[in-house]
Amino acid sequence: MVSAATDSAPTSAQSIWLEEKLRRAGFGDVDAFLRAYGVRTYRTNQLYRAVTRELVDDVEAISVLPHEIRQRLVEDGFELESLWPVVLQRSGDGQTTKGLFRLGDGAEVEAVLMEHYGERTTVCISSQAGCAYQCAFCATGQGGFTRNLEAIEIFDQARYFARELKSRGKKITNIVFMGQGEPLANADAVMGAVALLTDPHGFALGHRHITISTVGLVPEIDRFAERYGQVNLAISLHAPTDVQRSVLMPVNRRYPLEALIAATDRYIARTRRKVFIEYVMLAGVNDNEETARALAALLRGRLYHVNLIPYNQTPDASFAGTAEGRIRSFQKILESHHIPTTVRVPMGRDIAAACGQLQAETQPKAHGSR
Ligand code: SAH
């Protein structure tokens, strides 16, 4: 017998998952599915749990469901996956795996697994196919914008790598929204994905193990704490003056530094939580001592942690990366102003899987027939 407890109301993450899934499978809503299959809510609970917690990838393998239900789901073309790997590449050191995934409509996105020699496992996921923000140094922006991803399509990138890790007795410890796209420009779906990633009845990752990185969309930063709870916020800053930042990041013309820093201050005042500042080091552009001092002046006295990111070469090769010695002296200047600063270790450069190098090939000819 099934106890009453297993027929309890679904979590909101579960509702998001079921609604998207069942709509994709051609049902109007969850009730329509329950009626059509003549089953009670606990069956959808079991389905959700199998997919998001046990990471099952095949309907036939969901052994808690009676054979007839499984068979019918298969006949109805019910898909557990929303994306499929087209290419998987592993870096020479074996620590980084890049996946190119195809979505149901043929759009493609990339996601990257970084294993950090066993110390932690981070998955970098995409929130949009392409990106509309056109940052001068980023490969994704160079390819233009294709479309927003749905919550399940974002979540399934993490699910894919979680399953792969599980087969090796490992787990995801961190998720970063630093793949393709601007997460805060697709806020509803990203919120849904965060709900799925953190659902204690499902995927069960802690909020504090998730980081959302943004070009600096001020109204969304103001809503951040209320929308995403304890998720970490990272701001892609890259320059301490409007003149410089508007050249590197056109979005700065809409949300200049003063407004961006003010929004970030409001967020810190409200949450008492540290904000991460991303700063890509571009030789001869934003890496001299004067710029370091200007950055220190901008950030001083606030709860910020700066990540200096070595620039990764993109196909158009319009920038060069700052040499390591200069990155270190830039870091020293910030630290002398009491600004905590780390230099990010680049991962997966040999397979173009590093920050800013993700640029899914969306041209059909690149992958043969479709
Ligand atoms: N749109 C979001 C998230 C995606 S990019 C954002 O901009 O924050 C994740 C980080 O990689 C950002 O800080 C971005 O500026 C940085 N990045 C982009 N291109 C890069 C490159 N070629 N080398 C190093 N970092 C890069």
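Whatever order the structure lists them in is the order used to number ligands and atoms, beginning at 1. In what follows, every heavy atom counts, from backbone to side chain, and hydrogens, waters and symmetry copies are set aside.
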Got the closest protein heavy atom to [atom], with its distance?
atom                    : answer
atom 10 (C) of ligand 1 : C355 SG, 4.1 Å
atom 2 (C) of ligand 1  : S213 O, 3.3 Å
atom 19 (N) of ligand 1 : G356 CA, 3.0 Å
atom 15 (O) of ligand 1 : H238 NE2, 2.6 Å

So, [X] and [Y], do they make that salt bridge, N to O below 4.0 Å?
X    : Y    : result
R120 : E115 : no
R159 : E153 : no
E81  : R163 : yes
D188 : R227 : yes
E79  : R24  : no
R293 : E290 : no
R147 : D105 : yes

message: More than 12 heavy atoms of other residues, nucleotides or ligands under 6.0 Å from CD of E289: yes or no?
response: no
[X]-ligand 1 polar pair, N/O distance under 3.5 Å:
X    : result
N312 : yes
G181 : yes
P183 : no
E182 : yes

message: Below 4.0 Å from ligand 1: does a non-hydrogen atom of Q180 turn up there or not?
response: no
message: I'd like to know if C124 contacts ligand 1, where contact means a heavy-atom distance under 4.0 Å to any ligand atom.
response: no
Close-contact set for ligand 1 against [X] heavy atoms, below 4.0 Å:
X    : value
I309 : 24 (C), 25 (N)
F177 : 3 (C)
G179 : 4 (C)
E278 : 13 (O)
V280 : 23 (N), 24 (C), 25 (N)
T314 : 22 (N)

- prompt: Listed by chain and number, what are the side chain to side chain contact (heavy atoms under 4.5 Å, CB included) partners of V231, not counting sequence neighbours?
  reply: V194, H207, I210, I212, F224, Y228
query: Cation-pi between R72 and Y37: NZ/CZ under 6.0 Å from ring centre and within 45° of the ring axis?
result: yes
Residue-level breakdown please: for [X] versus ligand 1, do any non-hydrogen atoms fall below 4.0 Å on the side chain, on the backbone, on both, or on neither?
X    : answer
P310 : backbone
T214 : backbone
M178 : both
Q313 : neither

field: From G321, S236, C138 - option closest to atom 6 (C) of ligand 1 by heavy atom
entry: S236
- prompt: With distance as the sole test, does Q331 use its side chain to make a donor-acceptor pair with the main-chain N or O of T341 at under 3.5 Å?
  reply: yes
query: Between the side chains of D57 and Y160, does any donor sit under 3.5 Å from an acceptor?
result: no
Side chains of F145 and Y133 in contact at under 4.5 Å (non-hydrogen atoms): no
